[in-house]
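In what follows, every chain begins at residue 1, and chains take the letters A, B, ... in the order their sequences are listed.
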Amino acid sequence: MKKEIWKDNPLDSLKTAILEAIKTAYPGLGYEYEEINLDIPPDPKMGDFGFSCFELAKKIRDNPAKISNNLSEKIKPTKFIDKVCTSGPFLNFFLKNEIFISDIINHILFQKESYGRINLGNGKGIMIEYSAPNTNKPQHLGHVRNNTIGMALSNILEKAGFRVYRVNLVNDRGIHISKSMIAYKLWGNGKTPESEGKKGDHFVGDYYVLFEQKAKKDPVLLKEAQELLIKWENGDKDVVNLWRKMNNWVYEGFDETYRRLGCKFDKIYYESDTYKLGKDIVFKALKEGHCYKDSKGDIVIDLRDRGLEKKVLLRKDGTSVYITQDIGTTVMKFNDFNIERSIFVVASEQKYHFKVLFNVLDIFGYEWAKNCFHLGYGMVYLPEGKMKSREGKVVDADNLMDELHQLAKNEIMKRNRNIHGEELEKIAESIGIGAIKYFLLKVHPLKDIFFNPEESISFEGTTGPYVQYTHARISSVMRMGGNKINESPDYSLMTTPEEIQLSKLLAKFPDIVFESASSYNISRVANYLFNVAKAFNKFYHDHSILNAGNKKLTAGRVNLCKASLIVLKEGLKLLGIEPLEKM
RNA sequence: GCGCCCGUAGCUCAGUUGGAUAGAGCGCCGGGCUUCGAACCCGUAGGUCGCAGGUUCGAGUCCUGCCGGGCGCACCA
């Protein structure tokens, strides 16, 4: 972490002043810029920003209160710092508000959409694999969480200065695919998604569910599915053709779901392609002695000295297992792209699998194996428990989006906002999908989510629509006259707690991007945006902007609105939620 | 049984990487639109941070042990 990362941070001069005071007071002490962390004191009466001296006390082996006192004498008021005072071990700063406000607003208005960009990544390549659907069923709420996290993380890392590559890995082969194929062969009667007027992934998914129902009573069906899989592996023409036809139906369905969610990929990997490379690599590793053939004939690797178990890498009949394909895919990723790090966004239930995978790759001699990271997010549960595709017990992604679209539409019409026709549909879509995304993103990715359809997604409080509403509200003020202000602002007139609080929060945006990107915690951005929106709404409620009674004050407040608009817009874009001008 | 994750207000969640008096939203009760968007704002009530120890100036946060919930531990992907 080098200083250049923070170049864009408006609080830079405060941090620099503290560092210089430390260097003057304690020469030779190795204290670094990035160790300086600013707090916000519990009460504004105590100061605008604070620095605690406990860390220093540890290094110097002295009383933190004494250090704080000592430092306070070394820091003189600057154009920026009004007053320094101590409160025990805390060194508190009062800023010259008009300078602070004018600095931060000017900074944001100058930076525009690049405000918040930091240099954490320094242009380094990073890959994010997300979504990874199976081609035997439509996507459900769990996939939506995955897609939403994957997109947001990609955007945030991009903002943090990484070169991000988004990829998908489609699980298009295996016994589960054979099951829907068998069901279609037996009961499909030549129907197609077109003939039934159904989305392709739903059409295929119905046969998968049908198979599971029938297979309960007729075990022969499972055998048929297994035989079909072997035929597929042997390249049987009819089987491969049917496989291709049904997968294409599914892809057409997925395209529609991805379009609505806004999923974009630089490349899509198919396991039907990558498993072959995986096999080659395992055979090579066998020759090199990294793994061995056990008494049954399976190729096995022994990971017990790494605290793991033995793991089969290839079946005795030469067919691949799950990990074989992932070995191939991961090697292919590092061959295809110039990346330093590879992130796998996959549900946390697969934690062990990835631990094994990364260890195997490490043993095989790939130095980049230590740069693979599994971002395992928590499960999504329904009130009745875990979602189960094979029983059809899921919250379907497409239905959910339709439902929220409709709810949003009702809300708009209730407010009678002169929004009609195509525009109404477009805005309802943005709000509905924004609500879903925000609902999933505001929770820490590691935590499980319990989804209650009746109460989970609302349009009030800590929600996507609340943030979007604030954005639309500011946009409206701009339309109503904000954009036509020519007067130059006088920031010394902006002295209220609401104006100061909002400005302080806007100044935190680059810090939030940093924290979110370095910990892969997308919920930080979501919660920060809520705080910004809340601070804006409070400010808006308490103070008049266009009718402030003083043109220079109006100009200042309009600029504060513009700066807030930029932060909200950039923040929403990071989350993959569309900022709206009207709603 | 073994391994990993999670326990914070009635419910859903934050908690700036160990810092000042633990915060929001929803819900309940009450208040605020002839004035820039009320999908908004304000107030009241609500807590043994699962329990018990430990580490230190300081623990919701770190270590240990319990309790409760989840997820893994296949030639399924």
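Remark: aromatic rings of A/Y270 and A/Y275 are distant, center separation not under 6.0 Å. Taking the six-membered ring for Trp and the full ring otherwise, the centers of A/F459 and A/Y469 sit at least 6.0 Å from each other. Aromatic pair A/Y466/A/Y438: ring centres not closer than 6.0 Å.
For A/R415, no side-chain nitrogen or oxygen approaches OP1 or OP2 of B/C40 to under 4.0 Å. For A/R557 and B/C36, the shortest distance from a side-chain N or O to OP1 or OP2 is not below 4.0 Å. Residue A/Y469 places at least one side-chain N or O closer than 4.0 Å to OP1 or OP2 of B/A39. For B/G25, the OP1/OP2 oxygens have no side-chain nitrogen or oxygen of A/Y438 closer than 4.0 Å. Applying the 4.0 Å criterion to OP1 and OP2 of B/A38, one finds that A/R473 has a side-chain N or O inside that range. Between B/G25 and A/K534, a contact under 4.0 Å exists linking OP1 or OP2 to a side-chain N or O. Phosphate proximity of B/A24 to A/K442: absent, as no side-chain N or O sits under 4.0 Å from OP1 or OP2. Applying the 4.0 Å criterion to OP1 and OP2 of B/A77, one finds that A/R315 has a side-chain N or O inside that range.
The separation of B/U64 from B/A24, taken at their C1' atoms, amounts to 33 Å, rounded to a whole angstrom. The gap from the C1' atom of B/A39 to that of B/G25 amounts to 14 Å, rounded to the nearest Å. When the C1' atom is used for both B/G18 and B/U56, the distance is 10 Å, rounded to whole Å. One P atom belongs to B/C51, the other to B/U61, and the distance between them is 11 Å to the nearest Å. For the C1' atoms, the distance from B/C66 to B/C29 is 41 Å, rounded to whole Å. Rounded to a whole angstrom, the distance from the P atom of B/G72 to that of B/C28 is 38 Å. Here, B/C13 and B/C57 have their C1' atoms 32 Å apart, quoted to the whole Å. For the P atoms, the distance linking B/A59 with B/C49 amounts to 12 Å, nearest Å.
In this structure, the nucleotide among B/A14, B/C5, B/G25 sitting nearest to the side chain of A/T462 is B/G25. Taking only side-chain atoms of A/K447, from C-beta outward, the nucleotide of B/G7, B/G19, B/C36 with the closest atom is B/G7. The side chain of A/F90 approaches B/A20 more closely than any other nucleotide in the set B/A20, B/A39, B/C5. Side-chain proximity of A/F459 to the nucleotides B/A39, B/G15, B/A77 is greatest for B/A39. The side chain of A/S519 lies closest to B/U17 when the candidates are B/A39, B/U17, B/U16. Taking the side chain of A/N537 as heavy atoms from C-beta on, and the options B/C40, B/U17, B/G25, the nearest nucleotide is B/C40. When each of B/A39, B/C76, B/G70 is scored by its nearest atom to the side-chain atoms of A/D448, the top-ranked nucleotide is B/G70. You'll find that the side chain of A/V477 is closest to B/C36, out of B/U16, B/A77, B/C36. Among the nucleotides B/G15, B/A77, B/U17, the one closest to the side chain of A/R524 is B/G15. Among the nucleotides B/G15, B/A77, B/C4, the one closest to any side-chain atom of A/E271 is B/A77.
The interatomic distance linking A/Y352 (OH) with B/C5 (C1') rounds to 17 Å, in whole Å. Distance A/L222 CG to B/C76 P: 11 Å, rounded to the nearest Å. As a whole-Å value, the separation of A/H543 NE2 from B/C41 C1' is 12 Å. Atom pair A/E515:CD and B/U16:C1' shows a separation of 5 Å (rounding to whole Å applied). For A/L529 and B/A39, the CG to P distance is 20 Å, given to the nearest whole Å. With rounding to whole Å, A/F530 atom CZ is found 11 Å from B/G23 atom C1'. Rounded to whole Å, atom C1' of B/C73 lies 17 Å from atom CZ of A/F354. Summarising the geometry, the separation between NE2 on A/H353 and C1' on B/C4 is reported as 16 Å, rounded to the nearest angstrom.
Residue A/K316 is classed as a base contact, given a heavy-atom separation below 4.0 Å to a base. Counting any heavy atom pair closer than 4.0 Å across all strands shown, A/N92 reaches a base atom. A/Y381 comes within contact range of the sugar-phosphate backbone alone, with a heavy-atom separation under 4.0 Å but no base atom that close. Counting non-hydrogen atoms under 4.0 angstrom, A/I545 reaches a base of the nucleic acid. Residue A/A347 is out of contact with every strand shown, counting any heavy-atom pair closer than 4.0 Å. Contact annotation for A/Q468: no contact, since no heavy-atom pair falls under 4.0 Å across all strands. Within the 4.0 angstrom heavy-atom criterion, no nucleotide atom of any strand lies near A/L314. Base engagement by A/E581 is indicated by at least one non-hydrogen atom pair under 4.0 Å involving a base atom. Counting non-hydrogen atoms under 4.0 angstrom, A/I177 reaches nothing in the nucleic acid.
Residues passing the side-chain contact (heavy atoms from CB on, under 4.5 Å) test with A/V346 are A/E129, A/F344, A/Q350, A/F354, A/H374, sequence neighbours excluded.
The base of B/A77 is not paired with the side chain of A/N136 by any donor and acceptor separated by under 3.5 Å.
A/H543 and A/E499 form no side-chain donor-acceptor contact under 3.5 Å, judged by distance and modelled atom types alone. Looking only at atom types and distance, the side chain of A/D172 has a donor-acceptor partner in the side chain of A/S272 under 3.5 Å away. A/N92 and A/S87 share no donor-acceptor pair across their side chains, judged by distance under 3.5 Å alone.
With its ring centre under 5.5 Å from that of the base six-membered ring and a plane angle below 30°, A/F54 counts as stacked on B/G19. Residue ring and base: A/Y466 does not count as stacked with B/A39 (centre distance below 5.5 Å and interplanar angle below 30° not both satisfied).
Rounding to the nearest 0.5 Å places CG of A/N134 at 12.5 Å from CG of A/D201.
Base pairing annotation: B/C2 forms a Watson-Crick or G-U wobble pair with B/G72, both donor-acceptor distances under 3.5 Å. With a cut-off of 3.5 Å on both pairing distances, B/U21 has no Watson-Crick or G-U wobble partner at all.
In this structure, A/F536 and A/F539 have perpendicular ring planes: the angle between them is above 60°, well past the 30° mark.
The existence of a salt bridge linking A/E227 and A/K223 is excluded, since no basic side-chain nitrogen approaches an acidic carboxylate oxygen closer than 4.0 Å.
For the pair A/V312 and A/N547, both in contact range of RNA chain B, the more 5′-proximal nearest nucleotide belongs to A/N547. Between A/D542 and A/M379, the residue whose closest nucleotide on RNA chain B is further toward the 5' end is A/D542.
More than 90° away from 0 lies the glycosidic angle of B/U12, which makes this nucleotide anti.
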